[in-house]
Amino acid sequence: MKIATWNVNSVRARLPVVLDWLDQAAPDVLLLQETKTVCAQFPTLPFAERGYQLATFGEPALNGVAIVAKHPIEDRRDGLPGDTEDREARYIEATVGDVRVASVYVPNGTTIGSDRFAYKLAFFDRLRDHAQDLLEQDATLVIGGDYNVAPTPEDVYDAAALEGTICYHPDERAKYRTLLNLGLYDGFRTTQPRTHAYSWWHYQGRSFELDHGMRIDHLLLSPYAVDRLDTCAIDDQVRAVKQPSDHVPVWCTLID
DNA sequence: ATGGTGGCTTAGCCA
């Protein structure tokens with residue numbers, strides 16, 4: 001089973017790029033973030049024409065997550081528990097085949113010390129608590145998404161320069177590590193322990209040409225899932241297409 | 001360099 005995650009930065013603006021990649025890569029499951037649309041405006045037809053089913057969770061203009069799958073999407077849940085006031089569409093989870101999958105869009109945090117940064121750290125606590133519940137049910141679990149955290153110095157283009165800045169602040173890295181400490185595995189690091197690779201490059205300047213990127217999109221796997229992990233890779237060539245997302249797909253294959 | 005780029009929605013926010 002091939003499972004991918006991709007922050008597309010608007011599914012409507014990115015539709016041709018997403019469909020091209022889908023036709024080439026043919027994943028069984030694609031976990032989308034930043035769809036930036038209400039569900040009624042989600043372009044469902046081109047996915048259906050390709051034999052994919054959809055579960056979408058959106059809001060106007062911002063955020064938005066979705067699960068795209070070749071097989072039936074069952075027992076979905078929209079949103080992360082732990083804060084009834086939180087209306088942002090950042091989490092969707094469902095069962096596809098014998099795997100529980102989730103698409104998560106962790107808040108960016110904007111500025112260190114801001115309200116948005118506090119929301120980001122609190123979101124990580126809620127994600128950790130919920131993942132713990134799923135692990136206690138012995139789920140074969142894959143949580144893919146834009147975590148907006150580069151975990152280690154190997155995951156940023158200039159660790160010294162970026163230390164303490166958004167997406168590479170020690171408080172964020174500590175929150176990300178609490179997920180690993182539950183017993184979740186970073187699929188990319190498990191299969192490629194020392195590869196420097198990025199999943200996001202800023203739109204500004206010549207970030208991609210200079211390879212000034214960060215690895216902030218991750219597939220986290222439960223023990224039963226990582227037992228079946230075969231390959232994990234980042235499709236960085238997708239950043240070079242016309243009108244790209246600032247993120248590229250990250251995918252893994254699980255042995256059936 | 002308080003800029004730079006992009007999307008949504010329409011000038012300001014969020015990333």
Side-chain angles (χ1 to χ4, degrees), chain A residues 5-21 31-44 46 56-66 79-80 83 85-92 103-124 127 144-151 155-158 160-162 164-169 171-173 175-176 198-218 234 236-250:
Chain A
T5 181
W6 193 4
N7 178 324
V8 292
N9 186 19
S10 171
V11 69
R12 289 179 292 168
R14 211 66 56 217
L15 192 59
V17 172
V18 171
L19 295 176
D20 278 354
W21 182 83
L31 306 165
L32 294 174
Q33 301 89 39
E34 274 209 274
T35 53
K36 288 189 168 178
T37 181
V38 294
C39 296
Q41 302 282 346
F42 197 105
T44 56
T56 67
F57 179 40
E59 61 177 278
L62 296 174
N63 308 317
V65 286
L80 208 52
D83 182 356
E85 303 297 302
D86 186 2
R87 295 283 179 270
E88 300 189 18
R90 294 181 175 276
Y91 185 88
I92 187 169
S103 177
V104 65
Y105 178 38
V106 174
N108 169 280
T110 311
T111 307
I112 308 300
S114 66
D115 289 349
R116 296 299 294 169
F117 190 68
Y119 173 59
K120 180 179 194 173
L121 299 182
F123 188 93
F124 266 114
L127 182 58
D146 176 1
Y147 288 77
N148 267 315
V149 173
D155 300 314
V156 295
Y157 69 92
D158 187 338
L162 293 171
T165 63
I166 201 69
C167 300
Y168 195 61
H169 187 280
D171 293 351
E172 304 171 66
R173 302 197 312 261
K175 290 297 186 190
Y176 179 82
Y198 310 129
S199 64
W200 172 88
W201 298 260
H202 206 121
Y203 280 124
Q204 293 166 200
R206 296 161 55 232
S207 300
F208 184 61
E209 288 82 350
L210 299 170
D211 202 24
H212 286 183
M214 303 176 87
R215 195 176 69 90
I216 58 176
D217 300 271
H218 309 297
I234 303 178
D236 56 359
Q237 79 283 355
V238 179
R239 187 63 175 77
V241 303
K242 279 210 170 87
Q243 295 182 293
S245 171
D246 45 351
H247 299 250
V248 296
V250 181

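Order of the sequence lines fixes the chain letters, A, B, ..., with proteins taken first and strands second; residue numbering starts at 1 for each chain. Just so it is clear, the values below take in all heavy atoms, side chains as well, and ignore hydrogens, waters and symmetry mates.
- Of the listed nucleotides (B:dA15, B:dC14, B:dC8), B:dA15 has the atom at the smallest distance from the side chain of A:Thr110.
- Rounded to whole angstrom, the span from the CG atom of A:Asp146 across to the C1' atom of B:dA15 amounts to 10 Å.
- Listed nucleotides: B:dA15, B:dG4, B:dG6. Nearest to the side chain of A:Glu34: B:dA15.
- Rounded to an integer number of Å, the gap from A:Glu59 CD to B:dG7 P is 18 Å.
- Distance CH2/A:Trp201 to OH/A:Tyr157: 13.0 Å, rounded to 0.5 Å.
- For A:Arg90 and B:dA15, the shortest distance from a side-chain N or O to OP1 or OP2 is below 4.0 Å.
- Using a 4.0 Å heavy-atom cutoff across all strands shown, A:Phe208 reaches no nucleic acid atom at all.
- Nucleotide B:dG6 holds its P atom 7 Å from the OH atom of A:Tyr203, rounded to whole Å.
- In this entry the distance linking CG of A:Asp217 with P of B:dA15 reads 15 Å, nearest Å.
- Protein atom CZ of A:Phe117 is 13 Å distant from nucleotide atom P of B:dA15, rounded to whole Å.
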**Message:** Applying side-chain hydrogen bond (donor to acceptor under 3.5 Å, both in side chains) to A:Tyr168 and A:Asp155, what does each step give before you reach the verdict?
**Reply:** CA-CA 9 Å; A:Tyr168 195 61; A:Asp155 300 314; over 6 Å; no
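- For A:Ser10 and B:dG6, the shortest distance from a side-chain N or O to OP1 or OP2 is not below 4.0 Å.
- Comment: A:Lys120 engages A:Glu172 in a salt bridge, judged by a side-chain N to carboxylate O separation of less than 4.0 angstrom.
- Between the C1' atom of B:dG6 and the CH2 atom of A:Trp201 lies a distance of 17 Å, rounded to the nearest Å.
- As rounded to whole Å, 13 Å separates atom P of B:dC8 from atom CZ of A:Phe42.
- Nearer the 5' end of DNA chain B, as judged by each residue's closest nucleotide, is the contact made by A:Lys36, out of A:Lys36 and A:Asn7.
- Closest contact between the side chain of A:Ala61 and the listed nucleotides B:dC8, B:dG6, B:dA15 involves B:dC8.
- Between the P atoms of B:dG3 and B:dG12, the separation comes to 15 Å (whole Å).
- Listed pair A:Arg116 / B:dA15 meets the phosphate criterion, a side-chain N or O lying under 4.0 Å from OP1 or OP2.
- When each of A:His247 and A:Gly205 is assigned the nucleotide of DNA chain B with its nearest heavy atom, A:Gly205 is the one assigned upstream, toward the 5' end.
- For A:Arg14, a side-chain nitrogen or oxygen approaches OP1 or OP2 of B:dG7 to under 4.0 Å.
- Ring geometry, A:Tyr176 versus A:Phe124: the interplanar angle exceeds 60°, so the pair is classed perpendicular (tilted spans 30 to 60°).
- Rounded to whole angstrom, the span from the CD atom of A:Gln33 across to the C1' atom of B:dA15 amounts to 14 Å.
- A side-chain N or O of A:Asn9 and one of A:Lys36 form a donor-acceptor pair less than 3.5 Å apart.
- With B:dC8, B:dG6, B:dA15 as the choices, the nucleotide that has an atom nearest any side-chain atom of A:Ala13 turns out to be B:dC8.
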